[in-house]
Amino acid sequence: MGLLGWTRRDVPSLAGKVALVTGANSGIGFELTRQLVEHGAEVVMVGRDKQLLDWAARDLEEEFPGARVESTAREILSTKLPINILVNNAGRFVDAPFCVTPDGFEQTLASNYFGHALLTLMLLDRIAASGPGARIVNVSSPAEQYATADLDDITLFQIMFNHELHRRLRLEGRDIDCFAVHPGMVATGLSNKVSFCHPSAVAIYAAMRLSGQSPLQGAQSALFAATAPQLRGKGGAYIGPLYATNTFHAHERYPVNRAAYDYETCVKLFNRTAAELARALGHDVPVPPAVGARVPV
Ligand SMILES: NC(=O)c1ccc[n+]([C@@H]2O[C@H](COP(=O)([O-])OP(=O)(O)OC[C@H]3O[C@@H](n4cnc5c(N)ncnc54)[C@H](OP(=O)(O)O)[C@@H]3O)[C@@H](O)[C@H]2O)c1
């Protein structure tokens with residue numbers, strides 16, 4: 001442990017662990033995958049472009065001969081692999097004009113929030129059966145602090161869904177810790193994809209390129225949440241660097257937005273999410289029940 005807190009040198013051996021990382025072909029997801037592989041984990045790399053995933057997996061196999069890296073776009077549910085660590089990282093950001101998916105979701109909400117909520121709920125039993133100390137990590141953003149009172153912000157949804165999921169899993173007695181993390185501002189491919197149709201595009205592009213951390217630094221929060229032994233049993237916590245644009249060190253911290261702690265609103269969001277997923281799929285999704293008294297997160 002460094003003077004300023006945990007660093008990636010503190011990651012324990014991950015031999016025998018299987019991690020699944022979404023958006024693993026680039027940026028934070030790729031660097032996180034690299035760190036997990038370096039410490040001995042087998043990583044299932046998930047993404048929407050099979051060729052990009054294959055290239056990224058090949059790079060890692062060259063860097064770490066003997067590494068167990070699999071790139072897959074959609075066959076996860078049909079495999080029997082255990083999943084000890086799930087990292088919901090894939091995301092887009094002002095990269096296209098407003099658009100609604102055929103399922104009726106705004107496209108960024110669909111990819112950054114609903115897609116991960118569904119993946120998580122579908123994998124819960126598998127994760128729970130994969131052994132003690134499993135982790136679910138939801139990559140959010142420091143933008144949670146700017147979310148408006150009517151809760152229209154995806155990054156805040158991610159934190160609130162994480163709180164409620166963690167609370168329900170504890171009530172069920174499942175040994176899974178769920179964390180929301182923010183990476184700080186990071187100079188990744190996200191900035192290159194910004195659509196200049198967006199009114200804030202130039203400012204966003206300049207800020208990310210000029211003051212963003214490296215993807216390696218940006219991956220630290222998720223790596224800490226996914227692996228640090230001292231976080232066992234501390235699910236529900238929010239992890240990130242202390243300030244948006246620095247640092248090499250990840251910390252437990254608190255969302256700035258008070259709505260993230262509002263129990264009733266977290267429950268409402270969780271139930272509405274499950275209902276929207278059921279509407280889109282045409283059938284219910286498995287959801288841990290909201291029974292029992294509230295457990296503080
Ligand atoms: N960079 C930052 O400053 C920053 C700050 C706060 C939060 N974050 C969050 O960190 C996460 C990783 O972003 P990054 O900075 O590493 O950016 P990145 O390099 O662009 O990586 C994003 C990953 O998500 C995938 N992705 C994008 N849109 C998708 C969609 N509609 N469906 C499925 N996959 C999709 C990308 O796939 P393709 O390669 O095929 O596009 C890529 O694998 C995102 O959730 C982002 O919101 C980033």
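Position 1 is the first residue of the sequence; numbering continues from there. For the numbers below, each heavy atom of this structure counts, side chains included, while hydrogens, waters and symmetry mates do not. First listed ligand is number 1; within each ligand, the first listed atom is number 1.
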Undergrad: Should the proximity of Met208 to ligand 1, defined as any heavy atom under 4.0 Å, be assigned to the side chain, the backbone, both, or neither?
TA: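 Side chain only.
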Undergrad: Can you tell me which residue and heavy atom of the protein come closest to atom 14 (P) of ligand 1, and the distance to 0.1 Å?
TA: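 Nearest neighbour among protein heavy atoms for atom 14 (P) of ligand 1, to 0.1 Å: Thr188 OG1, 3.4 Å.
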Undergrad: Is the shortest side-chain N to carboxylate O distance from Arg34 to Glu38 below 4.0 Å?
TA: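 No.
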Undergrad: Do Asp103 and Thr101 have side-chain atoms, one donor and one acceptor, less than 3.5 Å apart?
TA: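 No.
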Undergrad: Could you check which of Asn25, Leu52, Asn112 puts a non-hydrogen atom nearest to atom 47 (O) of ligand 1?
TA: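 Result: the heavy atom closest to atom 47 (O) of ligand 1 is in Asn112.
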Undergrad: Answer yes if the side chains of Ser214 and Gln217 hold a donor-acceptor pair under 3.5 Å, and no otherwise.
TA: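 On atom types as modelled, these side chains qualify, holding a pair under 3.5 Å.
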Undergrad: Where is the nearest protein heavy atom to atom 19 (O) of ligand 1: which residue, which atom, and how far?
TA: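 Scanning the protein heavy atoms, the shortest distance from atom 19 (O) of ligand 1 goes to Ser26 OG, 2.9 Å.
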Undergrad: Within the 4.5 Å heavy-atom criterion, are Leu86 and Val137 side-chain neighbours or not?
TA: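 No; the side chains remain at least 4.5 Å from each other.
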Undergrad: Considering non-hydrogen atoms of the protein only, which is the closest contact for atom 35 (C) of ligand 1, and what is the distance?
TA: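 For this ligand atom, the closest protein heavy atom is Arg48 NE, 3.7 Å.
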Undergrad: Decide whether the shortest distance between a heavy atom of Pro183 and an atom of ligand 1 is less than 4.0 Å.
TA: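 Under 4.0 Å: yes for Pro183.
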Undergrad: How far is atom 48 (C) of ligand 1 from the closest protein heavy atom, and which atom is that?
TA: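 Protein heavy atom with the smallest distance to atom 48 (C) of ligand 1: Leu190 CD2, 3.7 Å.
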Undergrad: Does the distance from a Lys or Arg side-chain N to an Asp or Glu carboxylate O, for Arg170 and Asp177, drop under 4.0 Å?
TA: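 Not counted as a salt bridge, because no side-chain N and carboxylate O are separated by less than 4.0 Å.
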Undergrad: Under 4.0 Å from any heavy atom of Ala90, which atoms of ligand 1 are there?
TA: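 Heavy-atom distances to Ala90 below 4.0 Å select 24 (O), 25 (C), 34 (N), 45 (O).
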Undergrad: Would you please test Lys17 and Glu42 for salt bridge (Lys or Arg N to Asp or Glu O under 4.0 Å) and show each step?
TA: CA-CA 6 Å; Lys17 303 268 187 207; Glu42 175 175 358; over 6 Å; no
Undergrad: With atoms numbered from 1 as shown, which atoms in ligand 1 lie under 4.0 angstrom from a non-hydrogen atom of Gly27?
TA: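 Taking each heavy atom of Gly27 in turn, ligand 1 has 16 (O), 19 (O) under 4.0 Å.
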Undergrad: Cut-off 3.5 Å, no hydrogens considered: what does the side-chain donor-acceptor table look like for residues 53-62, sequence neighbours left out?
TA:
unit_1	atom_1	unit_2	atom_2	d
Asp54	OD1	Lys50	NZ	3.2
Asp54	OD1	Ser71	OG	2.5

Undergrad: I need the atoms of ligand 1 closer than 4.0 Å to a non-hydrogen atom of Gly189, numbered in the order shown.
TA: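 Answer for ligand 1: 19 (O), 20 (O).
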Undergrad: Which residue supplies the protein heavy atom nearest to atom 16 (O) of ligand 1, what is that atom called, and how far is it?
TA: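 Answer for atom 16 (O) of ligand 1: Ile28 N, 2.8 Å.
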Undergrad: For atom 45 (O) of ligand 1, what's the nearest protein heavy-atom neighbour? Residue, atom name and distance, please.
TA: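 Nearest neighbour among protein heavy atoms for atom 45 (O) of ligand 1, to 0.1 Å: Asn89 O, 2.7 Å.
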Undergrad: With a 6.0 Å cut-off (strictly less than), is the heavy-atom count around CZ of Arg279, excluding the residue itself, greater than 12?
TA: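 Check passes, neighbour count above 12.
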Undergrad: Between the main-chain N or O of Arg174 and the side-chain N or O of Glu172, is there a donor-acceptor pair closer than 3.5 Å?
TA: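 Looks like no, no N/O pair under 3.5 Å.
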Undergrad: Could you walk me through whether Ile85 and Leu20 pass the side-chain contact (heavy atoms from CB on, under 4.5 Å) check?
TA: CA-CA 6 Å; Ile85 300 167; Leu20 188 154; over 6 Å; no
Undergrad: Relative to ligand 1, is Val186 under 4.0 angstrom through side chain, backbone, both or neither, heavy atoms considered?
TA: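 The answer is both.
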Undergrad: Taking only heavy atoms of Gly23 into account, list the atoms of ligand 1 that are under 4.0 Å away from them.
TA: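 Checking each atom against Gly23, I get 23 (C), 24 (O), 43 (O).
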Undergrad: Take every heavy atom of Gly184, measure it against each atom of ligand 1, and state whether any distance is under 4.0 Å.
TA: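 For ligand 1, residue contact (heavy atoms, under 4.0 Å) with Gly184 is present.
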Undergrad: Side-chain heavy atoms nearer than 4.5 Å, only ILVMFWY residues, links allowed to pass through others: does that put Leu216 and Ile28 together?
TA: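 No; Ile28 is not reachable from Leu216 via cluster members.
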Undergrad: To which protein heavy atom is atom 31 (N) of ligand 1 closest, and what is the distance rounded to 0.1 Å?
TA: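 Going atom by atom, the protein heavy atom closest to atom 31 (N) of ligand 1 ends up being Ser111 CB, 3.3 Å.
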Undergrad: Between Phe161 and Phe270, does the ring centroid distance fall short of 6.0 Å?
TA: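 Yes, the ring centres sit under 6.0 Å apart.
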Undergrad: Side chain, backbone, both or neither: which part of Lys193 has a heavy atom under 4.0 Å from ligand 1?
TA: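 For Lys193, the contact with ligand 1 is made by the side chain alone.
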Undergrad: Set out, in order, the CA-CA distance, both residues' side-chain angles and the distance that settles side-chain contact (heavy atoms from CB on, under 4.5 Å) for Val181 and Asn138, then state yes or no.
TA: CA-CA 6 Å; Val181 307; Asn138 292 296; over 6 Å; no
Undergrad: Among all protein heavy atoms, pick the one closest to atom 24 (O) of ligand 1 and tell me residue, atom and distance.
TA: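 Going atom by atom, the protein heavy atom closest to atom 24 (O) of ligand 1 ends up being Gly91 N, 3.1 Å.
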Undergrad: Of all the atoms in ligand 1, which lie at a distance below 4.0 Å from a heavy atom belonging to Ser141?
TA: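 Once the distances to Ser141 are compared, the set is 6 (C), 7 (C).
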Undergrad: Measuring from the heavy atoms of Ser140, does anything fall under 4.0 Å of ligand 1?
TA: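 A heavy atom of Ser140 does come that close to ligand 1.
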Undergrad: Return a yes/no value for Val139: is any of its N or O atoms, backbone included, closer than 3.5 angstrom to an N or O of ligand 1?
TA: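 No, Val139 has no N/O under 3.5 Å of an N/O on ligand 1.
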